[in-house]
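This structure is a prediction, so every number in the text was calculated from the model and none was measured.
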Amino acid sequence: MQSQRLPTLEDVARVAGVSRATVSRVINGIRNVDPQLHELVWSAVDQTGYVPNKLARSLVTRRTGTVALVVSDSETHDDDPFMSRFFSDPYFGRVVGGLMSVLRPAGVQLALQMVGTDGHKRLVGDLRNGQADGAVVLSLPAHDPLPGMLADNGIPAVLIGRPPEPVPISYVDLDNSAGAALAADRLAARGCACPAVISGPPDVPASVDRISGFRHTMARHGHAWLPSASGNFTQESGSEAMRSLLSAHPGIDGVFVANDLMALGALLVLRDAGRRVPEDVAVIGFDDSSAALAARPALTTVRHPLEDMSAEAARLLLTRLDNPATRVTSVIYEPTLIPRQTA
């Protein structure tokens, strides 16, 4: 019995009522195609069961159809703890969701790459050799050489969060200082006499901006000095920081916490210490992640639109891939305060 013939480009063209050349341009991701024709072609692909030959496509376009999400950290990631944090921290899941909202409709796959300081050169080499068309980078260390390495090697890349040092690379960021100012205004409006702050790592740009914005705004409200402690954006570190603050400054009646996970840890410590929230201590987090809704009481927080920011990062990268001459740019989002029950 003779096997059934596989569908061809000609079959797709016949069903769509367009030329073979038009089908080829749509499938190969060439973007200056009329949207109606684009829809007709992909509908015909579904009807015929045609499967594009990715190898042939990559030979024509010199593109892999893959973008790397690079998480750059100061540690190596052969250990399980970081992987556990990646899949449990709502921050990373929100980034992936935002990226895929743009990449999936464009037919682009996302490949996760976690690199420590010993993996930067290998990653850059892999990208130069075409293992992915470009990269969206989450740079976690304070003095990360990776953004500069990508720029120096001409690799299309977009950073989520501003680079720790000036680098000619496009990035998407939030006005973190303005977000912290919103939290300060909220605590001041509640009449907090002894506000405090739990910051993230003191050498991470977003953390620096948040604590700076909070301190400057509190100073305008007459608070020349603030009790403070730092964590590493995990729930456990938030608990430890809150215990330290309560021990040293038992009169605290308000606290701004630099992310929701740390705020969740702080709330647990306050509850165990018999402090009512918000009656005794008002608490404000940052991110508006799932942790804010999981908190009891529900956490007042500053909205960090990660999904929107990640989607914009994907759009910037796809634009750069289509037009390598596109200039380096930045997009800054404005924060909003989400009032709930803790402040």
Side-chain angles (χ1 to χ4, degrees), residues 24-31 51-80 82-83 85-87 91-141 144-161 163-164 167-172 309-326 328-329:
S24 179
R25 290 170 65 202
V26 170
I27 290 176
N28 287 326
I30 297 172
R31 300 183 189 278
V51 178
N53 186 325
K54 289 189 176 181
L55 177 59
R57 175 180 171 180
S58 66
L59 290 173
V60 171
T61 64
R62 299 188 181 275
R63 300 261 285 269
T64 65
T66 299
V67 162
L69 169 58
V70 179
V71 181
S72 176
D73 202 0
S74 57
E75 306 290 338
T76 57
H77 298 312
D78 295 330
D79 54 340
D80 289 336
F82 182 86
M83 294 294 292
R85 178 187 165 194
F86 181 89
F87 289 110
Y91 180 93
F92 297 111
R94 294 174 66 195
V95 168
V96 171
L99 292 173
M100 291 308 299
S101 71
V102 172
L103 298 178
R104 185 183 292 113
V108 177
Q109 297 181 7
L110 186 66
L112 176 62
Q113 295 278 350
M114 296 183 180
V115 295
T117 53
D118 60 343
H120 289 161
K121 288 184 179 179
R122 184 176 67 247
L123 172 72
V124 170
D126 289 345
L127 291 172
R128 287 190 64 183
N129 290 329
Q131 291 201 5
D133 299 321
V136 174
V137 182
L138 289 173
S139 178
L140 304 181
D144 190 354
L146 182 60
M149 294 169 68
L150 294 171
D152 290 344
N153 284 273
I155 295 170
V158 178
L159 204 61
I160 296 179
V167 173
I169 188 171
S170 293
Y171 68 89
V172 178
M309 292 167 58
S310 302
E312 180 63 19
R315 282 189 287 268
L316 289 176
L317 182 58
L318 293 181
T319 299
R320 170 75 186 280
L321 293 175
D322 286 342
N323 183 7
T326 302
V328 170
T329 189

Measuring only between side-chain heavy atoms, which start at C-beta, is [X] closer than 4.5 Å to [Y]?
| X | Y | result |
| --- | --- | --- |
| Glu312 | Leu316 | yes |
| Val108 | Thr66 | no |
| Val172 | Leu159 | no |
| Leu110 | Met100 | yes |
| Tyr171 | Val137 | no |
| Ser170 | Arg320 | no |

Pair up each side-chain donor or acceptor in residues 121-129 with any protein partner under 3.5 Å, not counting sequence neighbours, and list the distances.
from   : atom 1 : to     : atom 2 : distance (Å)
Arg128 : NH1    : Asn153 : OD1    : 3.1
Asn129 : ND2    : Gly125 : O      : 3.1

Could you walk me through whether Val115 and His120 pass the side-chain contact (heavy atoms from CB on, under 4.5 Å) check?
CA-CA 6 Å; Val115 295; His120 289 161; 3.8 Å; yes
Can you see which heavy atom on [X] is nearest to which on [Y], and at what distance?
| X | Y | result |
| --- | --- | --- |
| Ile169 | Ala157 | CG1-O, 3.6 Å |
| Ser101 | Ala311 | OG-CB, 3.8 Å |
| Ala132 | Ala68 | CB-N, 4.0 Å |
| Met114 | Leu112 | CE-CD2, 3.6 Å |

As a quick check of understanding, evaluate side-chain contact (heavy atoms from CB on, under 4.5 Å) for Ile160 and Ser310, giving each step before the final call.
CA-CA 7 Å; Ile160 296 179; Ser310 302; 3.7 Å; yes
What pairs with Arg94 under side-chain hydrogen bond (donor to acceptor under 3.5 Å, both in side chains), at least two apart in sequence or on another chain?
Glu307
For the CE atom of Met149 and the CG atom of Asp144, what is their distance to the nearest 0.5 Å?
9.0 Å
Hey, could you give me the OG1/CG distance between Thr326 and Leu318, rounded to the nearest 0.5 Å?
11.0 Å
Does any N or O in the side chain of Asp133 come within less than 3.5 Å of the main-chain N or O of Val67, such that one atom is a donor and the other an acceptor?
no
